[in-house]
Amino acid sequence: MTASRILLIVLDGISDRPCPALGGTTPLAAAKTPVLDKLAQEGCCGIMDTIAPGIRPGSDTAHLALLGYDPYKYYTGRGPLECEGSGIHMEPGMIGFRCNYATISKEGLVIDRRAGRIHDTASLSAAIQEGVDLSKFGVEFIFRSGAGHRAALALKGEGIGHCVTSNDPKKEGVRPLTVNAIKKTPAHEKTAAVCNEFVRQSTKILFEHAMNRERLAQNLSPANIVLMRGAGEMGKYEPFQEKYGLSGSVISAASLITGIGRAVGLPHIEVPGATGSQNSNVAGKISAALNELKTKDFVLLNIKGADESGHDGLAEQKRDFIQKIDPLLEPLLGLKDTIIIICGDHSTPCTIKDHSADPVPLLIRGDGVRMDDVFRYDEYHCAKGGLNRIRGTDLLPIALDLINKSHKFGA
Ligand code: ZN
Ligand code: ZN
C-alpha cells in the first residue's frame, strides 16, 4: 500500500536544550506524550537541521525550507510575507513592510510601541487607505490591519527599492526615526522618501480619527502613528501545486506562516479560536486539518504555543503545553492513506529565550515507511532513528517519494 496524502505538522519551537528547571532535560523529553510516542514507534525518526547545521532559523526561513523552497534562493525579508499573511496579494517587485500601530505624544515622542495593545484597527487602516496620497511619486500602496496592533504595508510602482531603514526607534521616550536608504541609489532613496511621506500623511489622519479621540477620552493609548520595518521585495515563488503536483492548504494562527503559504499558492484555512498561543484551539486545528485532507493532497499545520514558552524562558510551561496538546493528536493514530510528518521548525531553548540551531526531532509515519526502533518522540531518541540527520529541504522530497510522486533521476 502507498499513501496518497501528506500531513506536515510543525510544532513551532518544540525542541530545546537541557533545562535546569527540569533537572537537566528538555521540555519535550520531560513531557508525557503517549500519542507522539506511539506515532514515533509506528514510524521512522531522525533529527533535522531545517536550514543547515549551525544556522539559526527564523520561523519564516525554516517553513520555506520545510516546504522545499531553499530560503537562500527565495527569502527576501519578512515584510512581503507579512503582507501576504494580512491578505495583500503581493506581485513580484512590490515592496512589503510589517507595521505596528504605536502611540506618540503631542511632542512627537513614541510613548507606547503597541498603542495600548489595541485590537480591531480596521477603521484606522481604512482611513489611511482612503486618505493617504502617494501619487506624486507614481506609487500605489495597500495598507491592511493584521492581528492586534499589527499591520502591513505594500508599495507598488516604478523605480522603487527595498534597501531602507525602519522608522521604529525600538524604544520608548524618543522620536520615531526618519526612514533612510541603506544603499544610496535613486530607487532606494525614492522608497525612503515615499515611506516618510506615508508616515507624515497617515499620522495626520490618525491624530484626527474619531476612534483615537474616543480612546483618548477613555484614557487609552491612541494608535496615532505607524511604525514600519522588515522591508523586502516580493520574490518569485513557483506555485506549490506546479512544483509538486499537489493541492494543499495551510492552517496556522501566525500571519507570517499563512503569508508563506499564500506566497506559494496554498490557501489559509481559518479556525475559530486559533490564537497561536497557549490557549489556542489546537483540537479545532487538528480536525480542520483532517477535514482538509478529504479533498487536498497536502496540509501544513503549525502549532505555535511551545515557541512562545521558549521565548519566555518558561521550561515547565513549555513541558505542560506539550503534555496538553499530545492527547489532541490522538485522531492521527487512526489516520489512513496519509504520510504524517511531525517536526519542529527550529529549537527555541528556554535557556537562551530565542531560536537556536540545535536540530529538531522528526518523525515520519505512514504506509511504506521503514519502521525503526525509536519509541519516544524527543530530541534524544529521535537522534537514534532511521532517518538519521537530514536538512529541511530534504523533507518534502522524501515525503513525495513515499507517496510515489518523485521523479526518477536517470534511466
Ligand atoms: Zn518558529
Ligand atoms: Zn520563535
Side-chain angles (χ1 to χ4, degrees), residues 8-17 19 26-28 36 47-71 74-75 77-79 81-82 84-85 98 100 114 146-148 150 170 229-230 250-264 266 268 274-280 282 285 289 299-315 317-319 321-322 325 341-363 377 379 382 391-393 395-396:
L8 169 57
I9 299 183
V10 179
L11 302 172
D12 206 301
I14 187 85
S15 43
D16 213 292
R17 289 179 179 172
C19 295
T26 66
L28 179 58
L36 284 167
I47 53 175
M48 178 166 63
D49 299 290
T50 37
I51 297 178
I55 304 297
R56 285 202 304 140
S59 286
D60 44 12
T61 49
H63 278 76
L64 281 173
L66 295 176
L67 292 173
Y69 292 80
D70 180 354
Y74 287 93
Y75 187 64
R78 183 163 177 171
L81 299 172
E82 287 282 356
E84 283 281 359
R98 53 195 289 235
N100 269 10
R114 298 188 178 89
R150 295 180 193 86
K170 294 272 171 77
R229 61 206 155 106
V250 171
I251 299 172
S252 171
S255 58
L256 187 58
I257 310 301
T258 60
I260 288 170
R262 287 172 48 109
V264 301
L266 297 176
H268 165 223
T275 60
S277 199
Q278 304 283 312
N279 62 0
S280 189
V282 175
K285 288 168 88 169
V299 172
L300 165 63
L301 167 62
N302 173 288
I303 299 174
K304 187 89 181 153
D307 180 57
E308 190 181 61
S309 305
H311 283 289
D312 291 339
L314 301 172
Q317 187 192 69
K318 189 169 176 179
R319 175 200 61 201
F321 178 76
I322 296 166
I325 62 164
I341 304 170
I342 299 181
C343 62
D345 56 341
H346 48 74
S347 300
T348 312
C350 296
T351 46
I352 61 169
K353 300 185 182 180
D354 201 348
H355 303 176
S356 75
D358 298 278
V360 301
L362 163 68
L363 80 79
Y377 181 73
E379 298 89 336
C382 285
R391 295 195 186 194
T393 47
L395 189 62
L396 245 274

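We count ligands from 1, going down the list as the structure has it; atoms in each ligand are counted the same way.
Within a radius of less than 2.8 Å around the Zn ion (ligand 2), the protein N, O or S atoms are Asp307 OD1, Asp307 OD2, His311 NE2, His355 NE2.
By the 30° and 60° cut-offs, the orientation of the rings of Tyr74 relative to Tyr69 is perpendicular.
Considering only residues two or more places apart in sequence or on other chains, Ser255 meets the side-chain contact (heavy atoms from CB on, under 4.5 Å) condition with Glu82, Thr258. Under the rule for a side-chain hydrogen bond (donor to acceptor under 3.5 Å, both in side chains), Thr50 has no partner lying at least two apart in sequence or in another chain. Ala147 pairs by the side-chain contact (heavy atoms from CB on, under 4.5 Å) definition with Arg150, not counting sequence neighbours.
Remark: side-chain polar atoms of Arg262 are paired, donor with acceptor, to backbone N or O of Glu84 under 3.5 angstrom.
For Asp345, the N/O/S atom at the shortest distance from the Zn ion (ligand 1) is named OD2.
Side chains of His346 and Asp12: a donor on one and an acceptor on the other come within 3.5 Å.
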